[in-house]
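Everything on this sheet refers to the single structure shown next.
Letters A, B, ... mirror the listed sequences (proteins, then strands); counts begin at 1. Just so we're clear, the structure is a prediction, and the values are computed from it rather than from any experiment.
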Amino acid sequence: MEFFQKLYSHTNENLESDNTVVCSECDGTDMIVDPSRGERVCANCGLVIESRIIDQSQEWRAYNSEEENDRARVGSPANNMIADYGLRTHISNISFDANGTRLTSEKRYEFTRLSRLDNRSRQGEIRNLRIALKELQRIKSQLELPEGIGQSASLIYRRALKKDLVRGRSIDGIIAASVYLACRTAGIPFTLKDIQPACSNISPKELGRSVRILIRDLNLRPANNDFISLIHRLGEQLELNMEARNLATVIIERAKQAGITVGKNPMSVSAAALYIAGVKTGQRRTQLDMAAAAKTTPVTIRNRFKELTEILDLEPIKIKRGPATSVLQKYFA
DNA sequence: ATGGTTTTTACTGCGTC
DNA sequence: GACGCGGTAAAAACCAT
């Protein structure tokens, strides 16, 4: 008996005695439970009575009653971005047992078969989710989105799945729309044009349609892309300082009051305001650069910019013609 | 489907470097 | 001549009805 206690002494503080079972080999009643190996062993003869016991002890320590209540859990937190919330079983493809002895081919076959059955039992209803969440991961990493966006996008998708909105439509389209809506609700200034290229085989049209379906059927009320975040996004891209950005926000405020922003692409209006602000603060960017950053055309920039100067009665802007410094040249030279 | 609105496409000439 | 800019007309895309 001392021998086996000594054998398991590496788990000294967790070592427990358990007298509820009887050893089938020697009729001994003293059992040793080793949580680190997940085994219950007869203290007398060392027979492993039970293996793969679940460790029910806590992985944390509570320092007050609040923590005691708060932290009652085992395992990692449930993760929305995994189809089964991370609560899965896994039977690995092993060829050795815990002692390092090679398994017989029959045993190995049995485990392979178990593993296959275990996997198969998890397919079916969550197969859709697995595909969708895999695509979500891909989009998320391609757009370098923060973790929270992935989580809320997967929540949106789960709701859509529950409401049977995915049937008959493409999984990729709905998940892309979920990402877009997650960005919108989180205030990340991404447009459809930003999301679409990161999607696989989803046309801009389909993406837009999917988004509208989700908004309608899930009663989502995403905030509009506000001009301020758009301005800062463009300003970052075009390397315009805070002075220019602040000026642009002032211009936008007055444009809003004048009511010339409704129905227009917010990106275009922001870019035009930023263009004016850039010129005024001595950081002129070419209209082509503005257009490229705003994913529109110089003509549209001109139209918005003209509107802004005219209706807002800004001081006429004297633009010195000739080559201007192109930020983009730096990257494509 | 339709009509109104915005955006894009394509093309022009002008001024500066 | 290359480049940036202003303007225009027509086509295309968009959106609410």
Side-chain angles (χ1 to χ4, degrees), chain A residues 169-170 173 176-177 180-181 183-184 189-197 199 201-227 230-231 233-235 237-240 244 247-248 251-252 254-333:
Chain A
R169 298 185 239 273
S170 102
Y180 171 72
L181 288 168
C183 288
R184 282 273 298 274
F190 271 15
T191 64
L192 288 175
K193 280 180 186 171
D194 296 318
I195 306 283
Q196 193 269 329
C199 306
N201 296 325
I202 300 300
S203 67
K205 210 171 179 179
E206 184 177 353
L207 179 58
R209 199 176 55 218
S210 305
V211 167
R212 220 174 312 161
I213 286 164
L214 289 191
I215 290 180
R216 177 162 50 87
D217 293 346
L218 294 182
N219 295 320
L220 296 175
R221 197 61 202 97
N224 279 324
N225 277 332
D226 65 309
F227 290 100
L230 287 179
I231 283 172
R233 191 186 146 192
L234 291 171
Q237 209 169 339
L238 294 159
E239 297 177 6
L240 290 160
L247 183 55
I251 294 173
I252 289 289
R254 293 186 55 188
K256 270 192 199 165
Q257 285 167 17
I260 60 172
T261 60
V262 287
K264 311 282 166 60
N265 183 349
M267 264 294 207
S268 313
V269 184
S270 305
L274 207 49
Y275 174 73
I276 297 173
V279 173
K280 285 263 180 195
T281 58
Q283 307 168 71
R284 174 158 161 259
R285 302 287 180 263
T286 67
Q287 295 178 354
L288 194 65
D289 277 357
M290 301 304 301
K295 296 195 172 69
T296 177
T297 60
V299 183
T300 306
I301 299 290
R302 274 203 288 279
N303 289 337
R304 297 290 82 80
F305 144 72
K306 198 179 153 200
E307 240 171 29
L308 288 174
T309 50
E310 280 175 3
I311 299 179
L312 296 177
D313 197 27
L314 292 170
E315 308 166 34
I317 297 175
K318 184 75 188 156
I319 292 174
K320 232 179 89 181
R321 302 203 166 203
T325 48
S326 171
V327 179
L328 296 182
Q329 272 172 10
K330 212 193 302 184
Y331 300 106
F332 294 108

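- Partner of A:Met267 under the side chain to side chain contact (heavy atoms under 4.5 Å, CB included) criterion, out of A:Thr296, A:Leu230, A:Thr300: A:Leu230 alone.
- Checking each of A:Asn265, A:Thr191, A:Asp194 against A:Lys295 for a side-chain hydrogen bond (donor to acceptor under 3.5 Å, both in side chains) leaves exactly one that passes, namely A:Asp194.
- The A:Lys264 side chain lies nearest to B:dT7 when the options are B:dA10, B:dT7, C:dC15.
- Nearest nucleotide to the side chain of A:Val299, out of C:dT8, B:dT7, C:dG6: C:dT8.
- Between A:Ser268 and B:dT6 there is no side-chain N or O to OP1 or OP2 distance below 4.0 Å.
- Rounded to whole angstrom, the span from the CZ atom of A:Arg302 across to the P atom of B:dT8 amounts to 12 Å.
- In this structure, A:Leu308 and A:Tyr275 have side chains that are not in contact, with every pair of non-hydrogen atoms separated by 4.5 Å or more.
- One can place NZ of A:Lys295 at 16 Å from P of B:dT7, the figure rounded to the nearest angstrom.
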Could you pull out all donor-acceptor pairs under 3.5 Å where a side-chain atom in residues 205-214 of chain A meets a protein atom, sequence neighbours excluded?
| from | atom 1 | to | atom 2 | distance (Å) |
| --- | --- | --- | --- | --- |
| A:Glu206 | OE2 | A:Ser170 | OG | 3.3 |
| A:Ser210 | OG | A:Glu206 | O | 2.8 |

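- Side-chain atoms of A:Arg233 and A:Phe190, non-hydrogen and from C-beta on, do get closer than 4.5 Å to each other.
- Remark: C1' of B:dT6 and CD1 of A:Ile260 are 14 Å apart, rounded to the nearest angstrom.
- To the nearest angstrom, C1' of C:dC5 lies 13 Å from NZ of A:Lys306.
- Atom CZ in A:Arg285 sits about 17 Å away from atom C1' in C:dC3, given to the nearest Å.
- Between C:dG4 and A:Thr286, no contact under 4.0 Å exists linking OP1 or OP2 to a side-chain N or O.
- Contact annotation: A:Arg284 reaches the phosphate of C:dC5 (side-chain N/O to OP1 or OP2, under 4.0 Å).
- When rounded to the nearest whole Å, the span between CG of A:Leu288 and P of C:dA2 equals 17 Å.
- When distances run from any side-chain atom of A:Gln287 to the nucleotides C:dC15, C:dC5, B:dT7, the shortest one goes to C:dC5.
- Atom CZ of A:Arg304 is separated from atom P of C:dG6 by 15 Å (rounded to the nearest Å).
- Taking 4.0 angstrom as the limit, A:Tyr275 places a side-chain polar atom (N or O) nearer than this to OP1 or OP2 of C:dC5.
- Distance A:Ile301 CD1 to B:dT7 P: 10 Å, rounded to the nearest Å.
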